[in-house]
Amino acid sequence: MPKIELPDGQVRDFPEAETAYDVARAISPSLAKKALAAEVNGKIVDLARPVKDGDRVKIATADDEAGLYAMRHTAAHILAQAILRLYPGTKLGVGPVIEDGFYYDVDPPEPITADDLARIEAEMKKIIAEDLPLVRREVTRDEARRHYAALGDPYKLELIDAIPDGDPITFYTQGEFTDLCRGPHVPSTGKVKAVKLLSVAGAYWRGDSRRPMLTRIYGTAWPSEQALKDYLQALEEAKARDHRKVGKELKFFTFAKEVGQGLPLWLPGGAKVRRIIERYIVDLEESLGYEHVYTPVLANLELYQISGHYAHYHENMYPPMALDHETLVLRPMNCPHHMMIYKSEPRSYRDLPLKIAELGTMFRYEASGALTGLHRVRGMTLNDAHIFVTPEQIEAVFTEVVELIRRVYRDFGIDDYWFRLSLRDPEDTEKYVQNDEIWNKAEGMLRNALRALGLDFVEAKGEAAFYGPKLDVQVKTALGKDETLSTVQLDFVLPERFDLTYVGEDGEHHRPVVIHRGVVGTMERFVAFLLEKTKGALPVWLSPEQAVVLPVSDRFRDAAARVVRVLKAGGVRARLDARNESLNYRIRDAQVKKIPYTLVVGEREAESGTVAVRRRGETKAEAMPVEAFVERIREDVAARR
RNA sequence: GCCGAGUUAGUUAAACGGUAUAACGGCGCACUCGUAAUGCGCAGUUCGGAGUUCGAUUCUCCGACUCGGCACCA
């Protein structure tokens, strides 16, 4: 007589119930119909799984994460089944659920391209219409191996071998198709309501670039056609925010193959925004005791051999140039130069923390396939600083930097971000400087400081810099990809390698610790992020043009020009648009160009010394004296609106 | 770098292997206009190279770049 605890906390008797599905049926027939999976004691399982006395059971429908998960997981199996029907002999990799969808990695006997997706999708719809039940079966390792040996599928065999001893090995069968899978799944293929295949791409087997490349097919699945349609529309809207599109329309930046891949040209509008951001951050940092410097983008290779960059990072560096008696490299990072500034004179504990900052331009040889607009480039300028501290100062300075980051994000209106503590992968001996003691110490310190700050953060193994762990501040791009905007890194390695010292209170030499930090990050990525966040409608304080002044007709051209002069004298970035076009045309143009304020000057305004002010995105205009408008802009800028 | 798909005017797009187009933008002319597109006119080496063909924007090959992923990463 199983007594089952339901999500609302009530405990009920389900005399006949053997499975989660029985529980759903006993609660209500309509729930049984909608049921896709179940959560039993917090674990997502098939509806057909047995329940026992004392279990906590929640029936999952398409409205629940668990239900959607099971549905998309089954959709992945349907995809694999469809591919096997159309491309017999295809070998299967993995087919997991991802955010908003699923994919399956396959190795077909003939290439599958985007043109084939419609066919595969049609076959999937057939399988859904067949409403094939999914049957779970636990198998022995031997049986599983025999199954895939017979099919000649090396990938599944490898997956079987990777399952730890003692873990159950399960097969799910739907119709003629059986897949190695831990589940859970919906009860039958007909429960998958709306599917669509989105794209096809190459993906290395097990994420390893030394291993074969499989064909990955991405798809999405939703509980209804309408939900699918809404999702596809959201995808389209996301594309409209893409900084590559917006940046092109607003003429913020461009690329030219004659200049080079991944080397952006900042056009006047983008350059203006960048300069505003640069002035903002330099002023702010100087007010906090940072000292801004300039150092060259080239350096002797030796500098990067001392730092260890050449050993650990040379694949991302442009190759050395041997000239005269020097061998030079383009710098991929600014740190070594700042180490040399530290070393340029003896330092005392009284000098610390010493904050050396620079808008440092650097060049990294990024893989060609990684380049994406301004998000990933080969030439970039970083809002960089290196803070030299005593070991005792680490936590206080780290905290101060995190607070600076939060302040800057507030000023830019960025509120959707999260912290990632990036740690080394101790297994990866090639990437990371070897010194267990230092790593453990550094990682422990960061973790403690974050806890003391009371910040939520996720830990990510293998994301650290080669010389130390770091705190990354993560945001999402318009297309939904995670990206690092800011970073704070703890470094015990460079001070050693450069033999940095300071004289302590005791008169002895001590080793400082370096904190690397980028707050605004690279100007390229930051501006790209702002463009995507605002869809190009930048706040007044950042807009390259804050106001455009439109004379109603030529008769008011002089009056409008006078207004522009007053605005400019008042510090407003204003422009006259007296083109031989209709007023409506020029208003539309100003809206399309996302200019915050459009000012119309006609007879009424010319006589009274006013302007008719229309805000971006609004249709009503408000008349005010020119001086009042200047004041309004000043308020906007002061409030960083 | 790897897998796949693309590349036509400043931009977005069209053109069975048979005269290269349209819209927007730009420029010129007319209109002198009151809050999201006034009318008319003007301007083009189909990414580069090679090949197939009587003839290539279209087919084939090579290269460059862009896009979607993977790997890498601020």
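Numbers restart at 1 for each chain; the letters A, B, ... are given by sequence-line order, proteins then strands.
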Q. Salt bridge check: are A:Asp107 and A:Lys91 linked by an N-O gap of less than 4.0 Å?
A. no
Q | Spacing between A:Phe102 atom CZ and B:G69 atom P, to the nearest angstrom | A | 16 Å
Q: In whole angstrom, give the distance that lies between atom CG of A:Asp482 and atom C1' of B:C73.
A: 13 Å
Q: Take nucleotides 27-32 of chain B nucleotide by nucleotide from the 5' end and write B, S or -, depending on whether a protein heavy atom sits under 4.0 Å from the base, only from the sugar-phosphate, or from neither.
A: ---BBB
When you compare the protein's N or O atoms with those of nucleotides 11-16 of chain B, which come within less than 3.5 Å of each other, and at what distance?
{"unit_1": "B:U12", "atom_1": "OP1", "unit_2": "A:Lys248", "atom_2": "NZ", "d": "3.4"}

Residues 515-534 of chain A, side-chain donor-acceptor partners within the protein, below 3.5 Å, at least two apart:
{"unit_1": "A:His516", "atom_1": "ND1", "unit_2": "A:His386", "atom_2": "NE2", "d": "3.1"}
{"unit_1": "A:His516", "atom_1": "NE2", "unit_2": "A:Asp491", "atom_2": "OD2", "d": "2.7"}
{"unit_1": "A:Arg517", "atom_1": "NH1", "unit_2": "A:Glu285", "atom_2": "OE2", "d": "3.0"}
{"unit_1": "A:Arg517", "atom_1": "NH1", "unit_2": "A:Tyr290", "atom_2": "OH", "d": "3.3"}
{"unit_1": "A:Arg517", "atom_1": "NH2", "unit_2": "A:Glu285", "atom_2": "OE2", "d": "2.8"}
{"unit_1": "A:Arg517", "atom_1": "NH2", "unit_2": "A:Asn383", "atom_2": "O", "d": "3.2"}
{"unit_1": "A:Thr522", "atom_1": "OG1", "unit_2": "A:Arg525", "atom_2": "N", "d": "3.0"}
{"unit_1": "A:Glu524", "atom_1": "OE1", "unit_2": "A:Thr381", "atom_2": "N", "d": "3.0"}
{"unit_1": "A:Arg525", "atom_1": "NE", "unit_2": "A:His375", "atom_2": "O", "d": "3.1"}
{"unit_1": "A:Arg525", "atom_1": "NH1", "unit_2": "A:Thr484", "atom_2": "O", "d": "2.8"}
{"unit_1": "A:Arg525", "atom_1": "NH2", "unit_2": "A:His375", "atom_2": "O", "d": "3.0"}
{"unit_1": "A:Glu532", "atom_1": "OE1", "unit_2": "A:His375", "atom_2": "NE2", "d": "3.4"}
{"unit_1": "A:Glu532", "atom_1": "OE1", "unit_2": "A:Ala478", "atom_2": "N", "d": "2.6"}
{"unit_1": "A:Glu532", "atom_1": "OE2", "unit_2": "A:His243", "atom_2": "N", "d": "3.0"}
{"unit_1": "A:Glu532", "atom_1": "OE2", "unit_2": "A:His243", "atom_2": "ND1", "d": "2.9"}
{"unit_1": "A:Glu532", "atom_1": "OE2", "unit_2": "A:His375", "atom_2": "NE2", "d": "3.2"}
{"unit_1": "A:Lys533", "atom_1": "NZ", "unit_2": "A:Gly413", "atom_2": "O", "d": "2.8"}
{"unit_1": "A:Thr534", "atom_1": "OG1", "unit_2": "A:Leu530", "atom_2": "O", "d": "2.7"}
{"unit_1": "A:Thr534", "atom_1": "OG1", "unit_2": "A:Gly536", "atom_2": "N", "d": "3.2"}

(Q) Rounding to an integer number of Å, can you tell me how far A:Glu366 CD sits from B:A71 P? (A) 15 Å
(Q) Under a 4.0 Å threshold between the charged nitrogen and the carboxylate oxygen, would A:Glu545 count as salt-bridged to A:Arg573? (A) no
Q: Pick base, sugar-phosphate or nothing for A:Leu479, based on heavy-atom distances below 4.0 Å to the nucleic acid.
A: sugar-phosphate
Q. Counting just side-chain N and O atoms, does A:Gln261 come under 4.0 Å of either OP1 or OP2 of B:U66?
A. yes
Q) Does the pair A:Asp636/A:Arg632 count as a salt bridge with the N-to-O cut at 4.0 Å? A) no
Q: For the side chain of A:Lys470, starting at C-beta, report the closest nucleotide among B:A74, B:G26, B:U35.
A: B:A74
Q. Would you say the side-chain atoms of A:Tyr409 and A:Ser486 include a donor-acceptor pair closer than 3.5 Å?
A. yes
Q | Check: A:Phe412 ring centre within less than 6.0 Å of A:Tyr280 ring centre | A | yes
Q.
Can you confirm if the aromatic rings of A:Phe466 and A:Tyr432 lie within a centre distance of less than 6.0 Å?
A. no
Q: Determine: side-chain N/O of A:Arg244 to OP1/OP2 of B:C67, distance under 4.0 Å, yes or no.
A: yes
Q. So, is A:Ser582 near the phosphate of B:C33, with a side-chain N or O under 4.0 Å from OP1 or OP2?
A. no
Q.
Defining pairs by Watson-Crick or G-U wobble geometry with both distances under 3.5 Å, how would you list the stems of RNA chain B with at least three pairs each?
A. B:1-7 with B:64-70, B:10-13 with B:21-24, B:26-30 with B:38-42, B:47-51 with B:59-63
Q: Starting from P on B:G25, measure out to NZ on A:Lys251 and report it in whole angstrom.
A: 12 Å
(Q) Does A:Arg614 contact B:A36 through a side-chain donor or acceptor facing the base, at a distance under 3.5 Å? (A) yes
Q: Just call it for A:Arg216: base, sugar-phosphate, or nothing, with non-hydrogen atoms closer than 4.0 Å on any strand.
A: sugar-phosphate
(Q) For A:Glu358 and A:His292, which I'm curious about, is there any donor-acceptor pair between the side chains at under 3.5 Å? (A) no
Q: Give a yes or no on whether the backbone of A:Asn316 and the side-chain of A:Arg364 come within a donor-acceptor separation of less than 3.5 Å.
A: no
Q.
Determine whether a donor-acceptor pair (one donor, one acceptor, N or O, separation below 3.5 Å) exists between the side chain of A:Glu605 and the base of B:G34.
A. yes
(Q) Under a 3.5 Å threshold, yes or no: a donor from one side chain and an acceptor from the other, between A:Ser422 and A:Arg420? (A) yes
Could you list, one pair per line, each protein nitrogen or oxygen that sits under 3.5 Å from a nitrogen or oxygen of nucleotides 45-49 of chain B, together with the distance?
none

Q | Length of the line joining A:Ile217:CD1 and B:A5:P, which is rounded to integer Å | A | 13 Å
**Q.** Donor-acceptor contact present, side-chain A:Arg331 to main-chain A:Thr361, <3.5 Å
**A.** yes
Q: Measure from the ring center of A:Trp266 to the ring center of A:Phe252 and say whether it is less than 6.0 Å.
A: no
(Q) With a 4.0 Å cut-off on N to O distance, would you call A:Glu249 and A:Lys245 a salt bridge? (A) yes
Would you list the protein and nucleotides 2-4 of chain B atom pairs, both N or O, that sit under 3.5 Å from each other?
{"unit_1": "B:C2", "atom_1": "O4'", "unit_2": "A:Tyr204", "atom_2": "OH", "d": "3.3"}
{"unit_1": "B:C3", "atom_1": "O2", "unit_2": "A:Gly202", "atom_2": "N", "d": "3.1"}

Q: Determine the contact category for A:Ala590: base if any of its heavy atoms lies under 4.0 Å from a base atom, sugar-phosphate if only primed atoms, P, OP1 or OP2 are that close, otherwise nothing.
A: nothing
(Q) If the cut-off is 4.0 Å, is A:Lys481 near the phosphate of B:G69, judged by side-chain N/O to OP1 or OP2? (A) yes
Q.
Tell me if the centroids of the rings in A:Tyr231 and A:Trp222 come within less than 6.0 Å of each other.
A. yes
Q. What integer distance in Å separates A:Arg210:CZ from B:G1:P?
A. 20 Å
Q: Give a yes/no answer on whether the side chain of A:Tyr585 brings an N or O atom under 4.0 Å of OP1 or OP2 in B:G34.
A: no
